[in-house]
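Notes for the one structure printed next.
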Amino acid sequence: SGPTPDLLSLVTGRCLQFSTFLNPAAMCDVTTRRQNCSEMADLFISAFAFQDVCNISISRYDEFLEATNHWIPADKSVFWEGVYDFVHLYTEMGKRAITLEDTLTGYMIDRLRFCADPGQPSGIGGPSTHPCPSFEETDGCPWNAEFAFWTAASQNFASKARGTVSIMLNASADVAFPPNSFFAQWELPHLKAGEVSEANILLVHTPGHAVKETCQGPSITDLKRRLATKNISATCRENPRDVLWLLCWEDPSHTECREIISDDTNA
Ligand code: NFD
């Protein structure tokens, strides 16, 4: 598919939404650099406009990352894999905890499709005449604009984490911690030893789905080992109470939810 229509307006509008309603406090941090939302949106587009489609250097996003950078409180960072919808329900747009998509950088770009075009600034010159390679389709086009952006943003987000981090993974996936995920490749290696002291692994087991990996499973053991090399101690919990309540709020009909939901037919 081609780039998301109205890319520049969307990116600008999301920045305004974030700064006006979602997280004005974080924005005070950003606006001390006196860049407004249209300038930030321009920095994003300039990172890949007129570039080679498959050869964007991650450093081209440096100025955009710097402009949208804001403070993230210690103990709030959440990394995830395979639980896109649920993790964002859990973090409540940064109120309970903070994923990359709850920061200004990630919020502005999440779910957008964009690509470079050596001939024109992509997304500005009307409907694209060519499809955009996505960050999930790097075969033959390894450093496309989306892949380079999410790599740069993921590294940056991970390097800012302090204290205790959370890692939310999917117990129903064949492998809960696959070695080729963005989390494994670009976030975990950038957690700072000495700054991140502890990791809470949250293994989400969706009621009604088979559990393929537990806290004792092979990929979780591998993850704990990788954390230990950075002196980060790890705990792992399967469906802790807050996770289970939220899962059952979404879909109360499962047997796993019976214990926590009182019978409401006895009135
Ligand atoms: P993944 P990962 N709906 O599950 N990050 O470890 C929509 F709209 O394989 C964030 O490779 O995990 N999009 C982003 C979805 C991109 C959905 C890259 C869905 N239901 C890296 N499911 C990002 N926000 O796009 C999956 N996706 C997309 C960082 C979604 O965009 C995060 O800080 C997702 O990111 C996180 O810690 C991408 O497919 C870790 O790396 C790959 O999902 C997640 O990348």
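Just follow the structure's listing: the first ligand is 1, and inside any ligand the first atom is 1.
- A cation-pi contact, defined as under 6.0 Å to the ring centre and within 45° of the axis, is absent between R60 and F48.
- Against a heavy-atom cut-off of under 4.0 Å, E101 is close to the following atoms of ligand 1: 10 (C), 14 (C), 23 (C), 24 (N), 32 (C).
- In this structure, atom 39 (O) of ligand 1 lies nearest to the protein heavy atom E136 OE2, 3.3 Å.
- The environment of CD in E238 is crowded: more than 12 heavy-atom neighbours from other residues, nucleotides or ligands sit within 6.0 Å.
- Ring-centre distance between F79 and H190: not below the 6.0 Å cut-off.
- The contact set between ligand 1 and S154, taken as ligand atoms under 4.0 Å from a residue heavy atom, comprises 5 (N), 21 (C), 29 (C), 41 (O).
- Checked by atom type, the side-chain pair D242/Y90 shows a donor-acceptor distance below 3.5 Å.
- Taking only non-hydrogen atoms, the option from F157, W150, Y107, F177 nearest to atom 18 (C) of ligand 1 is W150.
- Looking at L246, L247, L169, L244 one by one, the single match for side chain to side chain contact (heavy atoms under 4.5 Å, CB included) with V204 turns out to be L247.
- Ring pair F44/F64 is tilted by interplanar angle, where 30° to 60° counts as tilted.
- Ligand 1 does not have T99 within reach: every non-hydrogen atom of the residue lies 4.0 Å or more from it.
- Atom NE2 of H254 is surrounded by more than 12 heavy atoms from other residues, nucleotides or ligands within 6.0 Å.
- The minimum heavy-atom distance between A67 and L43, with the atom names listed, is CB-CD1, 3.6 Å.
- Partners of R111 under the side chain to side chain donor-acceptor pair (under 3.5 Å) rule, at least two apart in sequence or in another chain, do not exist in this structure.
- Close approach to R111 involves these atoms of ligand 1, each under 4.0 Å from a residue heavy atom: 8 (F).
- Under the 30°/60° scheme for interplanar angles, the aromatic rings of F114 and F149 are found to stand perpendicular.
- In the vicinity of L100, heavy-atom distances shorter than 4.0 Å reach the ligand 1 atoms 33 (O).
- Within the listing of ligand 1, atoms 37 (O) sit less than 4.0 angstrom from a heavy atom of F79.
- By heavy-atom distance, the residue among F183, W80, F86, F149 lying nearest atom 35 (O) of ligand 1 is W80.
- Remark: minimum distance from atom 11 (O) of ligand 1 to any protein heavy atom is reached at F182 N, 2.9 Å.
- Of all atoms in ligand 1, numbered sequentially from 1 with element shown, those under 4.0 Å from a heavy atom of G82 are 1 (P), 4 (O).
- Looking only at protein heavy atoms, the nearest one to atom 19 (C) of ligand 1 is Y84 CD2, 3.2 Å.
- For atom 1 (P) of ligand 1, the closest non-hydrogen atom of the protein is E81 OE2, 3.5 Å.
- With respect to atom 31 (O) of ligand 1, the closest heavy atom belonging to the protein is F135 CZ, 3.8 Å.
- At the top of the distance list for atom 37 (O) of ligand 1, counting protein heavy atoms only, stands E187 OE1, 2.5 Å.
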